[in-house]
There are 2 protein chains.
Amino acid sequence: MSNQKIFRVIKTEIRVLGIDDGKFTPRKEGNVIIVGVVFRGGCSIDGVMRTTIAIDGLDATEQFASMINASPHRRQLRLVMLNGITFAGFNVVDIKKLNAATNLPVMALTQERPDLGAIYEALTNLPNIEERWKKILEAGEIHEVINNGTKIYIELAGISLSDAQKIIAVTSTRSSLPEPLRVAHLIASGISP
Amino acid sequence: MSNQKIFRVIKTEIRVLGIDDGKFTPRKEGNVIIVGVVFRGGCSIDGVMRTTIAIDGLDATEQFASMINASPHRRQLRLVMLNGITFAGFNVVDIKKLNAATNLPVMALTQERPDLGAIYEALTNLPNIEERWKKILEAGEIHEVINNGTKIYIELAGISLSDAQKIIAVTSTRSSLPEPLRVAHLIASGISP
């Protein structure tokens with residue numbers, strides 16, 4: 001908690017990066033496109049960025065950090081929102097490391113409570129079980145939050161729960177999912193071949 | 001003009017598809033990604049679709065029509081907005097044919113007045129000059145319109161100038177460029193490798 005970013009005020013036009021992955025065939029070797037969308041609050045898109053990661057690979061944290069740090073939007077960004085912490089199958093993001101590497105608070109958000117038992121079970125079919133499991137545990141506490149009347153689940157690095165909830169409220173203009181994540185999902189799945 | 005769609009009313013949440021192309025190396029053989037964004041008026045994204053076309057090819061009209069007609073969003077759409085009529089170099093869209101093939105009004109919009117002399121000049125370096133030039137001429141009159149204080153240029157198929165101007169006004173919430181085109185450009189260029 002030592003490097004937790006304290007927001008004096010959450011502006012309605014706060015720049016938030018939402019990240020999601022494209023479509024892919026599970027357990028097949030290959031790369032998946034990752035899309036990042038720069039949202040201005042809950043209303044307008046300022047930019048789009050992309051990278052790729054390996055299906056069931058170990059490079060998500062590093063690739064996300066490089067994409068963010070290389071972006072011309074980096075200096076405007078105040079928060080990174082992830083659609084959960086597993087991408088392209090079981091390529092797990094270490095949200096504490098991503099927070100440290102980008103110097104930006106990170107929030108992983110899901111609409112269903114992560115089932116750690118089922119995740120561990122699935123991991124046992126992959127190499128590097130312990131490395132992946134460690135990242136999952138290090139994401140820390142899973143907070144249950146009510147957003148626009150719906151339960152959502154968030155894990156945080158570098159931001160307080162109270163600030164995170166304020167940013168979720170500002171960016172959830174269309175549904176119980178914040179716009180940066182709703183639109184990142186539409187783009188990533190829409191452009192997948 | 002016989003198949004011109006008459007809008008009784010332009011809803012503020014009218015579904016408009018904005019289309020733009022991704023980045024590519026001019027005059028090199030290959031395909032370019034084309035992104036279509038379904039906008040709800042000038043505010044919210046309902047979906048994203050994609051296809052590819054050949055650099056300096058002749059398949060834009062056909063590929064755009066297939067992408068649109070195959071989309072689950074087709075029935076909600078009321079207008080197709082193109083970022084000009086040339087994509088991926090000189091792959092020219094026949095907007096009358098696109099209008100007929102999709103049964104949707106088509107508007108091609110640019111921020112600079114198309115320089116037909118320069119376009120013809122460039123065409124002379126390519127095969128199928130006459131076929132391309134015919135599509136350019138068949139796009140019809142280039143209308144100069146003032147939008148949010150800035151001149152823009154539009155060519156129309158299947159819609160009146162007055163209805164077209166109303167839809168431009170409804171969708172231009174952030175700049176002089178309608179949101180479907182502004183965001184299609186951000187996505188298409190942002191996701192290009």
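Residue numbers begin at 1 in each chain, while the letters A, B, ... track the order of the sequences. Values in this document were obtained by computation on a predicted structure and should not be read as measured data.
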Original post:
Side-chain heavy atoms under 4.5 angstrom apart, residues restricted to Ile, Leu, Val, Met, Phe, Trp, Tyr: same cluster for I53(A) and F90(A)?
Top reply: yes
**OP:** Using a cut-off of 6.0 Å, state whether more than 12 heavy atoms not belonging to E112(A) lie near its atom CD.
**Re:** no
**OP:** Below 4.5 Å from any heavy atom of chain B, which atoms of S192(A) appear? Answer side chain, backbone, both or neither.
**Re:** backbone
Subject >> Straight-line distance of L186(B) CG to I187(A) CD1, nearest 0.5 Å >> reply: 9.0 Å
Original post:
So, R174(A) side chain and I45(B) main chain: donor-acceptor pair closer than 3.5 Å or not?
Top reply: no
Original post:
Can you tell me if CG on N103(A) sees more than 12 non-hydrogen neighbours from other groups inside 6.0 Å?
Top reply: no
Original post:
Under 6.0 Å from the NZ atom of K5(B), do we count more than 12 heavy atoms belonging to anything else shown?
Top reply: yes
Original post:
For the candidates S44(A), A188(A), G47(A), which exhibits the highest count of non-hydrogen atom pairs separated by less than 4.5 Å from chain B?
Top reply: S44(A)
Subject >> Heavy atoms of other groups near E121(B) CD, more than 12 under 6.0 Å >> reply: no
Subject >> Largest heavy-atom contact set with chain B, pairs under 4.5 Å, which of M49(A), R182(A), E179(A) >> reply: R182(A)
